[in-house]
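Numbering of residues begins at 1 and proceeds along the displayed sequence. All values reported here derive from a predicted model rather than from experimental measurement.
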Amino acid sequence: MATIHVPPPPPRIDGNAPVLAPHEKSRLRAAAHHARRALPGPVGDLVSRELVAYADFGHRMTVDSLIHRLAADVLARPTLRPDQG
């Protein structure tokens, strides 16, 4: 008889994610806007969309702060001149 591996159920979501402060949402939106100028092409579009989606959701979903590190990285990048892109 074959053994079937059944994965464990996903962790329970309590709905208690901390709300992003207004200044955090604003910073994420600023980084999203800047991403399209600092990272031209599909990468900039993807980064911008992810940052806007996180700001729109309005809750801190992870503890690893990847989105906030991404925003800081984007905001630290210079805007590329049109002839550089």
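Atom CG of D45 is separated from atom CD of E50 by 12.0 Å, given to the nearest 0.5 angstrom. Going from atom CZ of R36 over to atom OG1 of T79 covers 14.0 Å, rounded to the nearest 0.5 Å.
Looking at H34, its side chain does come within 3.5 Å of a backbone N or O of R77 through a donor-acceptor pair.
Applying the salt bridge (charged side-chain N to carboxylate O under 4.0 Å, His left out) test to R27 and every residue at least two apart in sequence or in another chain returns nothing. Residues satisfying the side chain to side chain contact (heavy atoms under 4.5 Å, CB included) test with A35, not counting sequence neighbours, are V47, S48, V74.
Heavy-atom minimum distance, L75 versus A31: CD2-CA, 3.7 Å.
Linking Ile, Leu, Val, Met, Phe, Trp and Tyr whenever their side-chain heavy atoms come within less than 4.5 Å puts L28 and V43 in one cluster. One hydrophobic cluster holds both L20 and F57 under the rule that ILVMFWY side chains link at heavy-atom gaps under 4.5 Å.
Surrounding NE2 of H33 are at most 12 heavy atoms belonging to other residues, nucleotides or ligands under 6.0 Å away.
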TODO: Walk me through it: do K25 and Y54 pass the test side-chain contact (heavy atoms from CB on, under 4.5 Å)?
DONE: CA-CA 8 Å; K25 291 180 187 181; Y54 200 89; over 6 Å; no
- [ ] Could you please spell out the steps behind the side-chain contact (heavy atoms from CB on, under 4.5 Å) verdict for R29 and V52?
- [x] CA-CA 6 Å; R29 290 183 191 286; V52 167; 4.2 Å; yes
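A salt bridge does not link R49 to D56: none of the charged side-chain nitrogens sits closer than 4.0 Å to a carboxylate oxygen.
In the hydrophobic clustering, I4 connects to V6, either directly or through intervening members, whenever side-chain heavy atoms lie under 4.5 Å apart.
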